[in-house]
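Remarks on the structure that follows.
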Protein chains: 2
Amino acid sequence: MRPERKPAGEGLLVLEHFLPYRLSVLSNTVSGRIAKCYERQFQLTIPEWRVMAVLGRFPGLTAAEVTERTAMDKVQVSRAVARLKKTARIEQRAVEGDRRARHLFLTAAGHEVYSEIVPLAREYERRVTQDLSAVERAQLERLLDKLTAAAMKL
Amino acid sequence: MRPERKPAGEGLLVLEHFLPYRLSVLSNTVSGRIAKCYERQFQLTIPEWRVMAVLGRFPGLTAAEVTERTAMDKVQVSRAVARLKKTARIEQRAVEGDRRARHLFLTAAGHEVYSEIVPLAREYERRVTQDLSAVERAQLERLLDKLTAAAMKL
DNA sequence: TGATAATAGTTGCAATTGATACTATGTTGC
DNA sequence: GCAACATAGTATCAATTGCAACTATTATCA
């Protein structure tokens with residue numbers, strides 16, 4: 001009775017082909033690299049940058065809406081917002097008809113930081129994907145859509 | 001007038017098409033779901049499960065080799081190993097000719113847990129990818145390879 | 001109305017993490 | 001054989017996180 005009859009057999013998990021594992025390695029590598037960049041240059045943590053990024057694209061969201069859009073949790077957003085307020089990268093304005101929530105906006109200083117980081121981020125993305133053909137890029141986009149949708153559903 | 005005339009304009013980052021962001025959302029969603037599963041059922045953290053998974057596939061690795069294979073850092077591995085030892089899921093044996101390192105193995109109890117988790121992990125992966133055709137699966141594999149290689153190089 | 005529940009956001013505390021430094025052992029080159 | 005350096009793994013301490021509880025406000029509905 002051989003113990004290791006089949007390498008990808010029933011009871012074995014081949015980690016290097018296991019999707020969640022591969023995604024995690026890739027995502028950590030990719031995000032980690034850019035993070036180093038804006039951490040050093042702007043003293044921004046990943047959650048802070050994420051909040052800024054989404055506010056740059058959708059000014060005036062509330063913290064709850066930021067939470068939805070970023071798949072961060074609300075405590076994480078709350079703390080990122082607090083730090084960003086303290087460093088004057090964002091500001092808050094009242095929400096008409098709801099005194100619990102506040103609209104969030106990048107300040108002028110926030111915009112400045114944002115517009116410095118965006119090209120860096122773009123450039124980094126470009127480098128990571130530079131070996132992909134146009135076709136492969138389209139495939140990637142499509143696959144990410146499908147996988148994300150499927151993962152959300154479970 | 002279309003609202004999104006220049007969707008990828010110079011100064012704007014369209015988060016929902018930005019690769020690092022999409023990878024992060026997908027990876028967190030995917031890993032998070034399975035993690036919940038073995039956290040509840042077996043009191044295993046993500047790093048612990050990762051160490052077990054790699055030891056299930058490659059019995060006898062040292063902590064340093066686990067570190068290499070998992071893209072975790074060595075402190076993380078050290079702590080996961082400490083916990084797994086305490087919960088008797090793994091055991092250590094001397095390395096011939098090097099008294100610093102020790103070979104790591106799943107115990108019988110560890111194997112039991114492992115062989116219960118593997119089918120769950122498999123099933124979960126199957127569900128996430130069930131909407132993909134065979135061709136798409138191959139594309140995915142290929143794209144992950146390319147992206148991971150590119151990210152590592154930077 | 002008023003009681004109950006839901007939502008926005010914050011805070012406190014315990015657990016986890018990350019960076020750094022440390023011990024012990026091994027290797028290299030002179 | 002012995003400095004100087006490298007490696008395996010652990011410990012320490014501050015910073016970050018995650019969970020649950022909390023305040024304040026708004027919504028529901030009998």
Side-chain angles (χ1 to χ4, degrees), chain A residues 24 27-29 31-40 43-51 54-55 58 60-87 90-105, chain B residues 24 27-29 31-40 43-51 54-55 58 60-87 90-105:
Chain A
S24 160
S27 170
N28 287 342
T29 308
S31 292
R33 299 302 170 106
I34 326 179
K36 284 270 184 273
C37 190
Y38 50 72
E39 247 165 47
R40 261 202 329 247
Q43 282 79 52
L44 277 183
T45 65
I46 294 185
E48 287 172 67
W49 161 242
R50 223 162 250 186
V51 169
V54 80
L55 289 180
F58 302 102
L61 293 183
T62 65
E65 290 164 339
V66 170
T67 299
E68 266 181 59
R69 285 206 172 269
T70 54
M72 296 162 70
D73 97 341
K74 70 174 181 171
V75 176
Q76 219 175 358
V77 170
S78 169
R79 291 203 256 242
V81 165
R83 280 189 300 258
L84 288 170
K85 231 174 2 177
K86 189 146 54 188
T87 52
I90 67 173
E91 61 187 354
Q92 305 180 313
R93 295 183 214 153
V95 170
E96 192 94 356
D98 189 338
R99 273 177 299 177
R100 292 171 304 180
R102 274 144 298 174
H103 293 298
L104 302 171
F105 298 88
Chain B
S24 159
S27 170
N28 287 342
T29 307
S31 293
R33 299 302 170 104
I34 325 178
K36 284 270 183 273
C37 190
Y38 49 73
E39 249 165 45
R40 259 203 329 250
Q43 283 78 53
L44 277 182
T45 65
I46 295 184
E48 287 172 68
W49 162 242
R50 225 164 247 186
V51 169
V54 79
L55 290 179
F58 303 104
L61 294 183
T62 65
E65 291 164 337
V66 170
T67 299
E68 266 182 57
R69 285 204 172 270
T70 55
M72 297 162 69
D73 97 342
K74 70 174 182 170
V75 175
Q76 219 176 358
V77 171
S78 170
R79 289 203 259 239
V81 165
R83 279 190 300 257
L84 288 170
K85 232 175 0 180
K86 189 147 52 185
T87 52
I90 67 174
E91 61 188 355
Q92 305 180 313
R93 296 183 212 152
V95 170
E96 192 94 356
D98 190 339
R99 273 178 299 178
R100 294 171 303 178
R102 272 145 297 174
H103 293 298
L104 303 172
F105 298 88

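Note on naming: letters A, B, ... go to the chains in the order of the sequence lines (proteins, then strands), and numbering restarts at 1 for each one. Since the structure is predicted, the reported quantities are computational estimates derived from the model, not experimental observations.
- At least one side-chain heavy atom of B/Gln92 sits under 4.5 Å from a side-chain heavy atom of B/Val81.
- As a whole-Å value, the separation of A/Met72 CE from D/dT16 P is 14 Å.
- When all heavy atoms are compared, the tightest approach of B/Ser27 to A/Ser27 is CB-CB, 3.9 Å.
- Listed here is the closest heavy atom pair of B/Tyr38 and B/Thr45: CE1-O, 4.0 Å.
- Using a 4.5 Å cut-off on side-chain heavy atoms (C-beta onward), B/Ile46 and B/Ile34 make no contact.
- With a 4.5 Å cut-off on side-chain heavy atoms, A/Val75 and A/Arg79 count as touching.
- Minimum heavy-atom separation, B/Ser24 to A/Ser31: CB-OG, 4.3 Å.
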Which atoms of nucleotides 17-22 of chain C (N or O only) lie under 3.5 Å from a protein N or O atom, and what are those distances?
{"from": "C/dG18", "atom 1": "N7", "to": "B/Arg79", "atom 2": "NH2", "distance (Å)": "2.4"}
{"from": "C/dG18", "atom 1": "O6", "to": "B/Arg79", "atom 2": "NH1", "distance (Å)": "3.1"}
{"from": "C/dG18", "atom 1": "O6", "to": "B/Arg79", "atom 2": "NH2", "distance (Å)": "3.4"}

Find every protein N or O atom lying less than 3.5 Å from an N or O atom of nucleotides 24-26 of chain D, and list the pairs.
{"from": "D/dT25", "atom 1": "O2", "to": "A/Arg100", "atom 2": "NH1", "distance (Å)": "3.2"}
{"from": "D/dT26", "atom 1": "OP1", "to": "A/Arg99", "atom 2": "N", "distance (Å)": "2.7"}
{"from": "D/dT26", "atom 1": "OP2", "to": "A/Arg99", "atom 2": "NH2", "distance (Å)": "3.3"}

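- Put simply, CD1 on A/Ile90 is 11 Å from P on C/dG9, counting in whole angstrom units.
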**OP:** Starting from the C-alpha separation in whole Å, work towards a yes-or-no answer on side chain to side chain contact (heavy atoms under 4.5 Å, CB included) for B/Met72 and B/Val51.
**Re:** CA-CA 9 Å; B/Met72 297 162 69; B/Val51 169; 4.2 Å; yes

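- Listed by residue number, B/Thr62, B/Ala63, B/Ala64 are the residues of residues 60-70 of chain B with a heavy-atom contact under 4.0 Å to DNA chain D.
- A donor-acceptor pair is defined here as one N or O able to donate and one able to accept, closer than 3.5 Å; no such pair exists between the side chain of A/Ser78 and the backbone of A/Lys74.
- Atoms CG (A/Leu104) and C1' (C/dT10) sit 14 Å apart, rounded to a whole Å.
- Minimum heavy-atom separation, A/Glu65 to A/Gly60: OE1-O, 4.3 Å.
- Between the CD atom of A/Glu48 and the C1' atom of D/dT17 there is a distance of 14 Å, given to the nearest Å.
- B/Lys85 contributes atom NZ, which lies 11.0 Å from atom OG1 of B/Thr87 (distance to the nearest 0.5 angstrom).
- Shown here for A/His103 and A/Thr62, the closest heavy-atom pair between the two residues is ND1-CG2, 4.2 Å.
- Within the structure, every side-chain polar atom (N or O) of A/Ser78 is placed at least 4.0 Å from both OP1 and OP2 of C/dG9.
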